[in-house]
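Sequential numbering from 1 along the given sequence is applied to the chain's residues. Computed from a predicted model, the values in this text were never measured in an experiment. We count ligands from 1, going down the list as the structure has it; atoms in each ligand are counted the same way. Hydrogens, waters and symmetry mates are skipped; everything else that's a heavy atom, side chains included, is used.
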Amino acid sequence: MSDFFELRSVKWKNGKVVLVDQTKIPNKLTYVSCRTYKDVANAIKTMVVRGAPAIGVAAAMGLALVAYQSRAKTKELFLKELESAASKLAATRPTAVNLSWGLKEIIKIAEQSSGDTKTIKTLIVRKAIQMAEDDVQANLKIGKYGEPLLANEDTVLTHCNAGALATVGYGTALAPIRTSVKQGKRIKVIASETRPRLQGARLTAFELSRDGIPVRIITDNMVGHFMRQGMVDKVIVGADRIVNDGVFNKIGTYTLAITSRYHKIPFYVAAPISTFDLLNSSDNVVIEERSTRELTHISNKRIYPKNVDAINPAFDFTPFDLVDAIITDKGVINQPERDKILKFNKK
Ligand code: MRU
């Protein structure tokens, strides 16, 4: 069994940002080295790095590259450089709030520091490296708080990839599973394929099988069938943005939540506090529309009839009343709703 802590999707190494190339998994585990923030922006856009917490930290490290290379002599000029890079990084993917959160955390350092530009630049690089470490620590806490929700011999269904690859390490939805396994529980996982980018089949199954955790893949449209057969005990998914009326996550999550409720199967969302965006509601979040080629073609071969349109939203919205609990790095919020979450965040 490999070490659960080994896989790191985002790293700072000698003035470069090193990313696991998630477009090549499961066939190869290779890395892409980003020298500039534009390389990082391109990696986010093309999904070399993906998953809400991972793109948040990657974007922060993109700004650390700006700091590392900047020759700006005044704080004002340096801030301009940072803000220009931040707006380009923010434009890569619109739905996951962690992306803008990661950028804001870095800009805050620059704005609040009274030191000279050299000191500020050093602080920024240090902060980005710290954010990567904090992400792993937050996920370990999600594992600790989520573990009691899983019983020995449970079969847990998860959608998309909310594992080590979607974060810096350890994962969010996969964290309670990993912690349960470490404690000796026998947990089996069903990973739904996650059309069209197949994050469940390619990434979740890759990670779990590497860690020796039993995993089987089903297509997304088999979920209801297996729930009806009694083969799913719990569902845990990640989140891209938790707003004041519910959760944005990978397309298919909403259907999964409805199906879980019908079959009385607990439906859990696992996410760090940095995924909460309680100033917004579902009405004002942009759901990323991706190229329809992701649907129409498989391995560069068209599978749909010519001249037929497709629609390809990458995320959907699940209202809180379908969510049994949110597992965070500060604890579990049962039957989540806006006021309860606000009180919880103040703890
Ligand atoms: O399009 P992706 O692969 O970036 O979507 C990822 C998801 O929807 C994940 O479930 C979410 O980011 C949570 S990751 C811990």
A.B. asks: Could you give me the CA-CA distance, side-chain angles and deciding distance for Lys108 and Glu105, then say whether salt bridge (Lys or Arg N to Asp or Glu O under 4.0 Å) is met?
C.D. replies: CA-CA 5 Å; Lys108 217 163 46 185; Glu105 288 290 296; 3.1 Å; yes
A.B. asks: Can you check salt bridge (Lys or Arg N to Asp or Glu O under 4.0 Å) on Lys144 and Asp329, steps first, answer last?
C.D. replies: CA-CA 9 Å; Lys144 176 180 115 181; Asp329 46 329; over 6 Å; no
A.B. asks: Got the residues with a heavy atom under 4.0 Å of ligand 1, by chain and number?
C.D. replies: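 The 4.0 Å shell around ligand 1 contains Met47, Arg50, Gly51, Ala52, Pro53, Arg93, Cys160, Asn161, Ala162, Ala166, Thr167, Thr172, Gln199, Gly238, Ala239, Asp240, Asn249, Lys250, Phe315.
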A.B. asks: Any salt bridge (Lys or Arg N to Asp or Glu O under 4.0 Å) involving residues 26-35? Give me the pairs, sequence neighbours left out, ordered by first then second residue.
C.D. replies: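 Counting only pairs at least two positions apart or across chains, no salt bridge (Lys or Arg N to Asp or Glu O under 4.0 Å) contact touches residues 26-35.
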A.B. asks: Run the side-chain contact (heavy atoms from CB on, under 4.5 Å) test on Lys250 and Thr194 for me, step by step, so that the C-alpha distance in whole Å, both residues' side-chain angles and the decisive distance to 0.1 Å come before the verdict.
C.D. replies: CA-CA 8 Å; Lys250 179 54 57 197; Thr194 321; 3.4 Å; yes
A.B. asks: Please report the closest heavy-atom contact between Phe78 and Ala110, naming both atoms and the distance.
C.D. replies: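 Closest pair (atom of Phe78, atom of Ala110, distance): CE2-CB, 4.4 Å.
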A.B. asks: To the nearest 0.5 Å, what is the distance between CD1 (Ile333) and NZ (Lys340)?
C.D. replies: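 That separation rounds to 8.5 Å.
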